[in-house]
Amino acid sequence: MRATEAFIPTLREIPAEADTISHQLLLRAGMLRKVAAGIYSILPLGHRVLLKIERIVREEMNRAGGIELLMPIIQPAEIWQQSGRWDVYGPEMFRLKDRHERGFCLGPTHEELITDLVGQEIKSYRQLPLLLYQIQNKYRDERRPRFGLLRGREFIMKDLYSFDIDEQGLEISYGKMYTAYSRIFDRCGLSIRVVEADPGAIGGGDTHEFMVMADTGEAEIIFCTACDYAADIEKAPCPVDGQPAAIEKQPLERVRTPGTRTVEEVAKYLGIPAMQVLKIMLYLADGEPVAVLIRGDRSVNEIKVQNYLQAIRLEIANAEDVAAKFGLPPGFAGPVGLQSQVRVLADNEVRHLANGVAGANEPDHHYRNVNYGRDYQVYAFDDFRVAREGDACPKCGQPVQLRRGIEVGQLFKLGTKYSKVLGATILDEGGKEVPMVMGCYGIGVTRTLAAAVEQGHDKDGIIWPYSIAPYEVVVIPVSQRDALQTNLAEALYQQLFASGIDAIYDNRAERTGVKFKDADLIGYPVRVVINDGSVVDRLVEVKWRNTGNVEKIPYADLCTYLRSKLVSNN
RNA sequence: CGGGGUGUAGCGCAGUUUGGUAGCGCGCUUGGUUUGGGACCAAGAGGCCGGGAGUUCAAAUCUCCCCACCCCGACCA
C-alpha cells in the first residue's frame, strides 16, 4: 500500500469524546470513527488489525477441531421465548418487528439458534462431539456504552459451541478450548491472566475468563502474590476466619444515634471502628424480602447472595419496599427483632463479631453489644462478602492483590441448560434419548483489538505486536522530492511486499516530521528510513517501534533481515 | 435508569454572565519559501451556533420543551 492511495485520517488532537487510551489512539490513528453511542465504523487500518486477529482465531479454532458457520444477526422472538430468555434479557436486547408484526431481535448471542440447529440435525451419539463456531456481529443495547470498542453496543465476537454426549466429553472440549485460547492470545502478543469467574446468567458450571491486564479494565481481579491463584472479584471466595473473638458478651444496650444513617456516621458518632458495626443490606430476591448481614467495613457480594438464593433477580429494596415488605422505617434497620418472614443471611465474619453495633429498627437508635445467638438469629451463614486486597488466598493463605483487567475471552460449561429446553437430544449408546452436553466459548474480537492498544502504547501512540499490526513495516524517504530516494523507497517497498511482509510506503508530500509522528501514532512495528546517504552507502535505517532501537542495514539484506526478526519475535 | 456536564467550521476551543452583523488554533485550498520529529509567509474556502417553540426592534447569548453526546453510579453472555 502507498500512503497516497490509502485512507488513514489521523488526528493531531484528541477528540473530546474519548478518554480511554485505546479509544483516543484508535480515533487519532485513523482506525475508528463513531457513528452513534457504542457504534463505530472501523476504518481500513483498524480493519486490517481485525482481520489479522480473526485469522489467528480461525487458525486456532480449526486446529482444535472447530468448524466455522454463519448464523443470522436477526433472530426470531419465538426461539428466545422457548428458552425463556426473551423476558430475562430485558432492555439489553435490541428488539424489532417485521411488517407482519412478528417479533425479532438483533442477536446478543447465539446459544438458542445453534442449539436449535444442532438439535434438528444431530440425532445420534455417533455424530458427536461437534465444535461449531462463528465470527460475527452481536448486539447489546448497553445501558451505558463506554470506552470505545471496549464496551460497544455492536461488536464482533467469536463464539464456539461444543456438543458432547456427556460430561466427560465436555471436559475434553473445554480443555481443547482452554489450550486454543492460550495459543490465540499468545500469538496476538497479549499478556493474559486466566481467572476463575462467576457463570452469571448464562448458567452452568465451571468458567474461566481470559483477562488482559490493564488499569482501564472493568473487571477486578483478585490474584495471589505467592501462588498461581486468580479469580474475578465477582467470584473470589473469602476464606472463613479462624477464631471467634474471646470477648465477654456485654448486655444489650439501646442508644440514641440521631441522624446516623451510614456505617461511617454511626462509627464516628459512637467512636468505634467500622468493623464493629453490623451492616445490614435489605434486598428483594425475586420479590421476597432478604436481609444480608455483613461487617461494617465490608461490602456485600450480591452475586454470591444471588447464587446462594438461586434467585433470578436480586435488587436493593427501595424505601417503599422497606416499609411494605420489611415493615421497617428506612435507615436504621438491624437484625435484632426483625420480622420472622424476612430471611437473614449473614457473612461468615459476622459470626465472630462480638458486642457489635446494629440498627434498632426505629429512627435515630442503634443497639450496642449485639451478639449472634443471644440477640438475633440468622437463616444461614456463608461467604457473602467481596474479597479485597490483603485477604488470605483461598488456595495458599498468602495475601491477595487486586488488579484490573479487560475480559477478552470466556469459557463456559453450559451443560444441558439449553439442550433441555430446546429439545436438542440424541440417542446414546443404549438407545436412550439424552440432552446434549454443551459448552460455549467466546472471544470479543473488537474488544481484543482495543485491549491490545490498552496494553501496547506510549506517549507517541500505539505499539502493536508484530502479529496484528496493520502493516509491519513503513518505508519513509527523507525527501519525497529526491528521485534517487523515492525510487529506492519504491523498490524496497516492492521487495518487502513480494517477500510477504506487510509494508506501506509513505509517499505523501509531507514533511519528514509529519510522517514520523504518524508512524509512531499508528504504531508500525518497523520504520525504514531512506536518506540521501542510503543511495550511496547502500544502508537504510531500521527503527523498532517497541524498543526504539535504531540500526543501519544494507538494503540488499533488508527483506531477509526483517522477515527473520518479525517471525522469530511473534 | 438516577446524578452531573457538554453541544459554536473537519478536530480542539473562546464568545453566553451584561442580547446588537460569528471568532481563535490546528486541519483544508492556492501561490511562494522550506525539508530528519506535527515548518514559514501571503491569499482563500468553510457555520441552520444540536432541534423546536417563545420573549424582543434584535437571540449563539434570555425562557420552555425535545434530542444527541460525555462523565459518575447502578447494570452487564
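First the proteins, then the strands, lettered A, B, ... as listed; each starts at 1.
Here A:Q485 lies out of heavy-atom contact (under 4.0 Å) with every strand. Among the protein residues, A:S479 comes within range of no part of the nucleic acid, since none of its heavy atoms lies under 4.0 Å from any strand. A:E541 comes within 4.0 angstrom of a nucleotide base, judged by non-hydrogen atoms across all strands.
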request  = Heavy atoms under 4.0 Å is the rule here; annotate nucleotides 3-8 of chain B 5' to 3' with B where the base is hit, S where only the sugar-phosphate is, and - elsewhere.
outcome  = ------

request  = Do nucleotides 38-43 of chain B as a string where each nucleotide becomes B, S or -: B if the base has a protein heavy atom under 4.0 Å, S if just the sugar-phosphate does, - if no protein is that close.
outcome  = BB----

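Here B:rC11 presents its P atom at 11 Å from CG of A:L27, a figure rounded to the nearest Å. Rounded to whole Å, atom C1' of B:rA77 lies 17 Å from atom CD of A:E154. What separates OH of A:Y89 from C1' of B:rC76 is a distance of 9 Å, to the nearest Å. Look at NZ on A:K235: it is 17 Å from P on B:rC76, rounded to the nearest Å. Taking atom CZ of residue A:F155 and atom C1' of nucleotide B:rA77, one finds them 8 Å apart after rounding to whole Å. Between the P atom of B:rG37 and the CD1 atom of A:I522 lies a distance of 18 Å, rounded to the nearest Å. Following rounding to the nearest Å, A:L314 (CG) and B:rC76 (C1') show an atom-to-atom distance of 15 Å. With rounding to whole Å, A:F516 atom CZ is found 15 Å from B:rU35 atom P.
Between A:L117 atom CG and A:H110 atom NE2 the span is 11.5 Å, to the nearest 0.5 Å.
Within the structure, ring-ring contact (aromatic ring centres under 6.0 Å, His included) pairs that include any residue of residues 1-28 of chain A comprise A:H23-A:Y40 (at least two apart or interchain).
Heavy atoms of other residues, nucleotides or ligands lying less than 6.0 angstrom from CG of A:D215 number 12 at most. Summarising the local packing, CZ of A:R538 is surrounded by 12 or fewer heavy atoms from other residues, nucleotides or ligands at distances under 6.0 Å.
B:rU6 is paired with B:rA68 under the criterion used here, namely a Watson-Crick or G-U wobble arrangement in which both key atom distances are under 3.5 Å. The partner of B:rG23, taking Watson-Crick or G-U wobble pairs whose two distances both stay under 3.5 Å, is B:rC13. Pairing of B:rG46, defined by two Watson-Crick or G-U wobble distances under 3.5 Å, is not identified with any nucleotide. Remark: B:rA58 base-pairs with no nucleotide in the shown strands. Criterion, Watson-Crick or G-U wobble with two distances under 3.5 Å. Pair assignment for B:rU63: B:rA53, on the basis of Watson-Crick or G-U wobble contacts that are both within less than 3.5 Å.
Between the side chains of A:Y418 and A:R85, at least one donor N or O lies within less than 3.5 Å of an accepting N or O. In this structure, a donor-acceptor pair under 3.5 Å is absent between the side chains of A:E454 and A:T20. Counted by atom type alone, A:W544 and A:E551 present one or more donor-acceptor pairs between their side chains at under 3.5 Å.
In summary, of the residues considered (A:I530, A:D532, A:N531), a side chain to side chain contact (heavy atoms under 4.5 Å, CB included) with A:V478 occurs for A:N531 alone. Of the listed residues (A:Y178, A:F412, A:Y181, A:Y441), just one forms a ring-ring contact (aromatic ring centres under 6.0 Å, His included) with A:H208, and that residue is A:Y178.
If you take atom P in B:rA9 and the same atom in B:rG23, they sit 14 Å apart, rounded to whole Å. Between B:rU33 and B:rU21, the two C1' atoms lie 37 Å apart (nearest whole Å). For B:rG27 and B:rG12, the C1' atoms lie 11 Å apart once the distance is rounded to whole Å.
A:E17 meets the salt bridge (charged side-chain N to carboxylate O under 4.0 Å, His left out) test with A:K34; sequence neighbours excluded.
Put simply, the side chain of A:K543 and the base of B:rG37 share a donor and an acceptor less than 3.5 Å apart. Between the base of B:rC76 and the side chain of A:R143 there is no donor-acceptor pair shorter than 3.5 Å. In this model, no side-chain donor or acceptor of A:R144 finds a partner on the base of B:rA74 within 3.5 Å.
Using modelled atom types, one side-chain atom of A:K304 and one backbone atom of A:R385 make a donor-acceptor pair closer than 3.5 Å. No donor-acceptor pair closer than 3.5 Å links the side chain of A:R404 to the backbone N or O of A:E220.
If you check residues 525-532 of chain A against RNA chain B, the residues with a heavy atom closer than 4.0 Å are A:R527, A:V529, A:N531, listed by number. Within residues 13-26 of chain A, the residues approaching RNA chain B are A:E13, A:I14, A:P15, A:A16, A:E17, A:D19, by heavy-atom distance under 4.0 Å.
The aromatic rings of A:Y139 and A:F94 stand perpendicular to each other, their planes meeting at an angle above 60°, with 30° marking the opposite boundary.
For A:R527 and A:F516, the positive end sits near the middle of the six-membered ring, less than 6.0 Å away and at most 45° from its axis.
A:I184 is listed as a side-chain neighbour of A:M61, based on a closest heavy-atom distance under 4.5 Å. Contact of the A:V453 side chain with the A:W464 side chain is registered, since non-hydrogen atoms from C-beta on lie closer than 4.5 Å.
Comparing B:rG37, B:rC69, B:rA77 by their nearest atom to the side chain of A:D159 picks out B:rA77. For A:R146, taking side-chain heavy atoms from C-beta onward, the closest of the listed nucleotides B:rC75, B:rA77, B:rG37 is B:rC75.
RNA chain B is contacted by both A:P145 and A:R151; A:P145 maps to the nucleotide lying nearer its 5′ end (nearest heavy atom per residue).
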